[in-house]
Amino acid sequence: MSTALVGSLPSPVGDLDAYLRAVHIQPLLSAEEERRLAERYRQHQDLNAAWTLVASHLRFVARIARGYDGYGLSQEDLIQEGNVGLMKAVKRFDPDWGVRLVTYAVYWIRAEIHEFIIRNWRIVKVATTKAQRKLFFNLRNAKKKLAWMNREEVDMVADNLSVDADDVIEMEARLYSRDRSFDGPIDMEPEAPKVPSEYLQDYRFEPETTLSEAEWQAFAHERLNEAMAELDERSRDIINQRWLADEKATLQELSEKYGISRERIRQIESAAIKKLRETVAH
């Protein structure tokens, strides 16, 4: 994709609020419009078609980038890197695959953001192997909802990510012991490095953010329902009871319900989660 195309896109650098307003007025594409544009770019290298594909998905990059606020890096930089991933996805996207561009692009967007974080965030450098990096990002996301994990949760994470339980425990300890303070000390010197509270902004209640959240949630809900429909009845019920119900069932309760061991319930759950991920990714 040429630099002329890149230069014609809005940039988050300088005025992030204005950028977010600009990307949210870009019209969303129907499946047919997206396919037609992708074919024009793939077959004729039509840069106007590629520009339209990229521009219509910039809001999703901003949405994904907001999920990485806690790493102490600027939203502008995270969005820029995510946009690079989006452009790589558009360049490689084949409409004959039968999936929407956003489904395919999510991998490329996150991959670029992850690499940027790993290059620039000091704490991430404790995650030096591929397995540790995978653990770092998955556990960092889980820590938004969980306190210290119990042994059952550790084993579940280890099984889902195909790593040792001891590695999960070690990375969890690293996350807790190395996190940066949000506000910093009260008597912090003027020349000291900035802390997140000085530059992280809250866009949760802006109209364009609310609209983006609603669109993203609707898309995610649709994909999840499609994936759940492909599970067998027992697997679907186990996932519902363990993850989606207001009062989540324990392994023991489901073991008694189906007359099988807790370990077997855990295996069915892990297999179902793996299948859901694969289905949503495609």
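Throughout, numbering of the chain's residues begins at 1 and tracks the sequence.
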Could you please spell out the steps behind the side chain to side chain contact (heavy atoms under 4.5 Å, CB included) verdict for E269 and L251?
-> CA-CA 10 Å; E269 179 184 17; L251 291 176; 4.0 Å; yes
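- E39 pairs in a salt bridge (charged side-chain N to carboxylate O under 4.0 Å, His left out) with only one of the listed residues (R35, R36, R42), which is R35.
- Using a 30° and 60° split on the angle between ring planes, W97 and F93 fall in the perpendicular class, above 60°.
- A donor-acceptor pair under 3.5 Å is formed between the side chain of H24 and the backbone N or O of L20.
- Under the rule for a side-chain hydrogen bond (donor to acceptor under 3.5 Å, both in side chains), Q241 has no partner lying at least two apart in sequence or in another chain.
- In the displayed structure, Q252 atom CD is contacted under 6.0 Å by more than 12 heavy atoms of other residues, nucleotides or ligands.
- Grouping Ile, Leu, Val, Met, Phe, Trp and Tyr by side-chain contacts under 4.5 Å, direct or through others, leaves I25 on its own.
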Might you work through the side chain to side chain contact (heavy atoms under 4.5 Å, CB included) test for Y41 and N48, ending with a clear yes or no?
-> CA-CA 8 Å; Y41 176 62; N48 287 326; over 6 Å; no
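- Taking the side chain as every heavy atom from C-beta outward, W243 and I273 approach each other to under 4.5 Å.
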Could you please spell out the steps behind the side chain to side chain contact (heavy atoms under 4.5 Å, CB included) verdict for I238 and Y258?
-> CA-CA 10 Å; I238 290 174; Y258 286 104; 4.2 Å; yes
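- Contact annotation: the side chain of E112 approaches that of E81 to within less than 4.5 Å [non-hydrogen atoms, C-beta and beyond].
- In the hydrophobic clustering (ILVMFWY side chains linked at under 4.5 Å, chained through shared members), V84 stands by itself.
- Residues N240 and M228 are in side-chain contact: their nearest non-hydrogen atoms beyond the backbone lie under 4.5 Å apart.
- Y107 OH: 12 or fewer foreign heavy atoms inside a 6.0 Å radius.
- With sequence neighbours left out, the side-chain hydrogen bond (donor to acceptor under 3.5 Å, both in side chains) criterion links K257 to D237.
- For S235 (side chain) and L231 (main-chain N/O), no donor-acceptor pair under 3.5 Å exists by modelled atom type.
- Salt bridge present: E34 and R100 bring a charged side-chain N and a carboxylate O closer than 4.0 Å.
- When the shell of 6.0 Å around NZ of K274 is examined, it contains 12 or fewer heavy atoms from other residues, nucleotides or ligands.
- Considering CD1 of I265 and CD of E253, their distance stands at 11.0 Å, rounded to 0.5 Å.
- Taking D232 as the reference, nothing meets the salt bridge (Lys or Arg N to Asp or Glu O under 4.0 Å) condition, with sequence neighbours excluded.
- Atoms CG and CD1, from N83 and I113 in turn, are 8.5 Å apart once rounded to the nearest 0.5 Å.
- When the side chains of ILVMFWY residues are joined at heavy-atom separations under 4.5 Å, either directly or via intervening members, V106 and V54 end up in a single hydrophobic cluster.
- One distance of note links CH2 of W51 with CG of L37; it measures 11.0 Å at 0.5 Å rounding.
- Judged purely by distance below 3.5 Å, without hydrogens or angles, the side chains of E76 and Q80 never pair a donor atom with an acceptor atom.
- Counting heavy atoms from C-beta outward, L29 and S56 have side chains that approach closer than 4.5 Å.
- A side-chain donor-acceptor contact under 3.5 Å links S270 to the backbone of R266.
- Atom CD1 of I260 sits about 9.0 Å away from atom CD of Q267, to the nearest 0.5 Å.
- Once rounded to the nearest 0.5 Å, the distance linking CG of L78 with CD1 of I109 reads 12.5 Å.
- Summarising the geometry, atom CZ belonging to R264 is positioned 13.0 Å from atom CG belonging to L254; distances are rounded to the nearest 0.5 Å.
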Check the pair I79, Y68 against side chain to side chain contact (heavy atoms under 4.5 Å, CB included), reporting the backbone distance first and the verdict last.
-> CA-CA 10 Å; I79 291 172; Y68 296 91; over 6 Å; no
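- In this view, S261 satisfies the side-chain hydrogen bond (donor to acceptor under 3.5 Å, both in side chains) rule with no residue, not counting sequence neighbours.
- The two atoms that bring A105 and L86 nearest to each other are CB-CD1, 4.0 Å, heavy atoms only.
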